[in-house]
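Right, one structure below, let's go through it.
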Number of protein chains: 2
Amino acid sequence: MTVTIYDVAREANVSMATVSRVVNGNPNVKPSTRKKVLDTIERLGYRPNAVARGLASKKTTTVGAIIPDISNIFFAELARGIEDIATMYKYNIILNNSDQNKERELQLINTMYEKQVDGILFMSDTISDEHLEQFKGESVPVVLATTYDENDKLPSVNIDYEKAGYEATKYLIDQGNERIAFVSENEEAIINQLKYKGYIRALKEAFLPINDDYIIHGQYTHDSGMKAAEQLLKLDDRPTAVFTASDELGMGVIHGAQDFGLKVPEDLEVFGFNNTRLSTMVRPTLTAIDQPTYDIGAVAMRLLTKLMNKEEVEESTVILPHRIVKRNSTK
Amino acid sequence: MTVTIYDVAREANVSMATVSRVVNGNPNVKPSTRKKVLDTIERLGYRPNAVARGLASKKTTTVGAIIPDISNIFFAELARGIEDIATMYKYNIILNNSDQNKERELQLINTMYEKQVDGILFMSDTISDEHLEQFKGESVPVVLATTYDENDKLPSVNIDYEKAGYEATKYLIDQGNERIAFVSENEEAIINQLKYKGYIRALKEAFLPINDDYIIHGQYTHDSGMKAAEQLLKLDDRPTAVFTASDELGMGVIHGAQDFGLKVPEDLEVFGFNNTRLSTMVRPTLTAIDQPTYDIGAVAMRLLTKLMNKEEVEESTVILPHRIVKRNSTK
DNA sequence: ATGAAAGCGCTAACAC
DNA sequence: GTGTTAGCGCTTTCAT
């Protein structure tokens, strides 16, 4: 049925070993026999079986990517970065959604090991000891992307979220705002806590009071942003600015404010996070922290290729630069 | 080093075959020995090697998905549908972006075959004879999602795009519009042509003239929509309504019109396509054809599982229902 | 430069 | 109900 390396060897009057050498670009083959083998490969329509190769060589050239939710535009952009670099280095990606459910994550990691992936890219809100233990048990390299390991054990690619949170808040303060809200996602996610820390640091530095009414944790969704806006704007001393933990939230807050009858940025300034394509898809366009999403994926994948290849890496905890992109949702 | 089935067999005083039976849930094992085996599996930390299993059984429980661009929100939602059902049936997905580049697609399909995937999910704008030939050569089942094969050779999951295009246009006609533009994506994509056909049919049926100035082909992006709006609104007899081939385009047209100083829907009605999350993330919210994106992915994957399992399928060309979701971008 | 042969870890007859 | 054995298709020493 299917053509194997053995068939090619027989037809070309050489050994399997020689065919294998040709297929794998081993230089120790006389040009004439190389041509002969190549010709019969062509003639028979031989195609190497990656599974057999994987079993024999203990390398599958596939890496597992565990992502919270691919339908989230942020992770979709990140995944594209991963994928492009993976392709460049001839790796395939096995993609899985975890919904940041710990049990599911642990189970997915296990499946990846069963499939003998050469490396793992992991994204989540929290890295527990169980995660660490599971990773430690194997010799498969792991890289975290937009994910913090508090113990700093695992290679990772991130931006400085605390600093970004600080800068966004400070920006709003410098605009003259004194009542600034913080609308974010899952309260327990480390990254959210870092943004929060930055927010608090900026407030304290400016001797502004911290008002718990201004701090809202919800989902990362547009809808959650709308609800947050409604809740904030009903307050007696409503905020004059909102720092949101994602663009989608920022968009929601803008629309929530508009539906409430307010003008953005005149009555309420809104600051987003990530600078996904969404930020230019609202009116007014969204001022935001630019997180180089695609690049984070790309750099993480690149780092992983080095690790899989056992190359020396100078620094395995990489922090990419971020910046503020000023648009029209702030004055 | 790694624990194999052989180690388990030795430690449990049974044969590899018995261990294999236990691992694969074969009922022909005495409960007591099953327990014994399970215990030593636990004790040794044995984990089956899917690659070896794949080689021996000729099944990898992996399917390849070739998608135009995962960072496109439409495909991201579709991919989520695929992934969820794949997980349900214990399959893993190898995800690849093709950018609808034919050479790349062909090459990706080849890689999937090398990796011995059990099935392929394929999405693109066009199915050429070369595609067909490549698919035909193997016994690996293929399912198309939101992709038309004009020769109707391959199983597929779609909606009736011609009808949807007709209904959207007719809706705008029934609103009293006589000058209706059509803003779409890649002109050569079959699906686009179907939407276009529906648009034309509705116009003809209403005895409305077909104006080439009103027909614009661009990208699927927000930006492309904005440019299209600008181009249309500069016309002397500018349209009073626009039917767009995607939500992102629709969003762009809305913003383009607003930037032009017009009000939507008062001065210009806008009709979108897909009903992704984006449609509720604009102001005014976007009236659109609801294409059950997630479901298309889910149904396609489900169909593929049946095909891989050699089950009889009653109908392998499935057309899912669509509907019009009325929002505020139309009067 | 080429070949022979021993696995890689598992499944799947087949035998008992 | 359990064991034996022959592959699956390839890589990788080790010879020559």
Side-chain angles (χ1 to χ4, degrees), chain A residues 1-38 40-41 44-62 90 111 113-118 138-140, chain B residues 1-38 40-41 44-62 90 111 113-118 138-140:
Chain A
M1 286 289 296
T2 51
V3 184
T4 73
I5 202 172
Y6 183 78
D7 299 321
V8 177
R10 182 170 28 75
E11 291 288 314
N13 289 313
V14 295
S15 70
M16 317 170 32
T18 300
V19 179
S20 177
R21 288 189 187 98
V22 171
V23 170
N24 293 296
N26 186 317
N28 287 353
V29 182
K30 194 163 44 167
S32 66
T33 77
R34 173 185 307 281
K35 176 165 184 352
K36 188 171 60 177
V37 170
L38 251 18
T40 78
I41 282 179
L44 301 186
Y46 168 73
R47 176 191 290 136
N49 180 326
V51 173
R53 175 181 285 172
L55 183 59
S57 70
K58 298 180 173 305
K59 287 193 192 328
T60 54
T61 62
T62 88
K90 314 269 188 220
T111 307
Y113 286 145
E114 287 190 0
K115 295 255 172 170
Q116 313 297 120
V117 295
D118 294 341
E138 307 289 315
S139 59
V140 177
Chain B
M1 290 285 296
T2 49
V3 184
T4 73
I5 203 173
Y6 182 78
D7 299 321
V8 177
R10 181 168 31 75
E11 291 289 313
N13 289 313
V14 296
S15 70
M16 314 168 38
T18 300
V19 179
S20 178
R21 289 191 187 96
V22 170
V23 170
N24 294 296
N26 185 317
N28 288 353
V29 182
K30 191 161 48 163
S32 66
T33 76
R34 174 185 307 280
K35 177 164 181 356
K36 188 170 60 176
V37 170
L38 250 18
T40 79
I41 282 179
L44 301 185
Y46 167 73
R47 174 191 291 136
N49 180 327
V51 173
R53 175 182 286 171
L55 183 58
S57 70
K58 300 179 175 302
K59 286 190 192 329
T60 54
T61 61
T62 302
K90 314 271 188 217
T111 307
Y113 286 146
E114 287 191 1
K115 296 256 171 171
Q116 314 297 120
V117 296
D118 294 340
E138 305 289 316
S139 59
V140 176

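As a basis for the values below, the full set of heavy atoms in this structure was taken, side chains included, without hydrogen atoms, waters or symmetry mates. Only a predicted model underlies this, so the values are computations on that prediction, with no experimental measurement involved. Here is the naming used below: chain letters follow the sequence lines, and residue numbers restart at 1 for every chain.
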Donor-acceptor pair under 3.5 Å: do we get one between Arg47(A)'s side chain and the base of dG9(D)? no
Which atoms form the tightest heavy-atom contact between Thr4(A) and Tyr46(A), and what is the distance? C-CE1, 3.6 Å
Do the side chain of Arg21(A) and the base of dG3(C) come within less than 3.5 angstrom through a donor-acceptor pair of N or O atoms? yes
Give one of base, sugar-phosphate or nothing for Thr4(B), where a contact means two heavy atoms less than 4.0 Å apart. sugar-phosphate
Nearest to side-chain heavy atoms of Lys30(A), which nucleotide of dC8(C), dC10(C), dT2(C): dT2(C)
Using whole Å, report how far CZ of Arg10(A) lies from P of dA4(C). 14 Å
Does Ser20(B) put a side-chain nitrogen or oxygen below 4.0 Å from OP1 or OP2 of dT11(C)? yes
Without decimals, in angstroms, what is the distance between Leu55(A) CG and dG7(D) P? 17 Å
Counting only pairs under 3.5 Å, give me each side-chain donor-acceptor contact of residues 21-30 of chain B, with atom names and distances, residues two or more places apart or in other chains.
{"from": "Asn24(B)", "atom 1": "ND2", "to": "Ser20(B)", "atom 2": "O", "distance (Å)": "2.8"}
{"from": "Asn24(B)", "atom 1": "ND2", "to": "Ser20(B)", "atom 2": "OG", "distance (Å)": "3.3"}
{"from": "Asn26(B)", "atom 1": "OD1", "to": "Asn28(B)", "atom 2": "N", "distance (Å)": "2.8"}

Among dT5(D), dA4(C), dC10(D), the one nearest Met16(B) by side-chain distance: dT5(D)
What is the distance, rounded to the nearest whole Å, between atom CG of Asn28(A) and atom P of dC14(D)? 16 Å
Write down the distance between CG (Asn26(A)) and P (dA1(C)), rounded to a whole number of angstrom. 9 Å
Both Val29(B) and Ala52(B) contact DNA chain D. Which one's nearest nucleotide lies toward the 5' end? Val29(B)
Note: for Val51(B) and Ala17(B) on DNA chain C, the residue whose nearest nucleotide lies more 5' is Val51(B)
Between Thr33(B) and dG1(D), is there a side-chain N or O to OP1/OP2 distance below 4.0 Å? no
Between dC10(C) (P) and Tyr46(B) (OH): distance, integer Å: 3 Å
From CA spacing to verdict: side chain to side chain contact (heavy atoms under 4.5 Å, CB included), Val19(B), Met16(B): CA-CA 5 Å; Val19(B) 179; Met16(B) 314 168 38; 5.5 Å; no
In whole Å, what is the span from the NZ atom of Lys115(B) to the C1' atom of dC10(D)? 14 Å
Heavy-atom pair with the smallest gap, counting every atom of Thr62(B) and Lys115(A): OG1-NZ, 2.8 Å
Phosphate OP1/OP2 of dG9(D): any Lys58(B) side-chain N/O under 4.0 Å: yes
Closest non-hydrogen atom pair, Gly54(B) against Val51(A): C-CG1, 3.9 Å
Would you say Thr18(A) places a side-chain N or O within less than 4.0 Å of OP1 or OP2 belonging to dG3(C)? yes
Between Thr60(A) and Gln116(A), what is the shortest heavy-atom contact and its length? OG1-O, 2.8 Å
Heavy-atom nearest nucleotide on DNA chain D for Ser57(B) versus Pro27(B): which residue maps closer to 5'? Pro27(B)
To the nearest Å, how far apart are Asp7(B) CG and dC8(C) P? 11 Å
Remember a base hit wins even if backbone is also touched, and classify Val14(B) as base, sugar-phosphate or nothing at under 4.0 Å, heavy atoms. sugar-phosphate
Check the distance between dC8(C)'s P and Glu114(A)'s CD and give it to me in whole angstrom. 20 Å
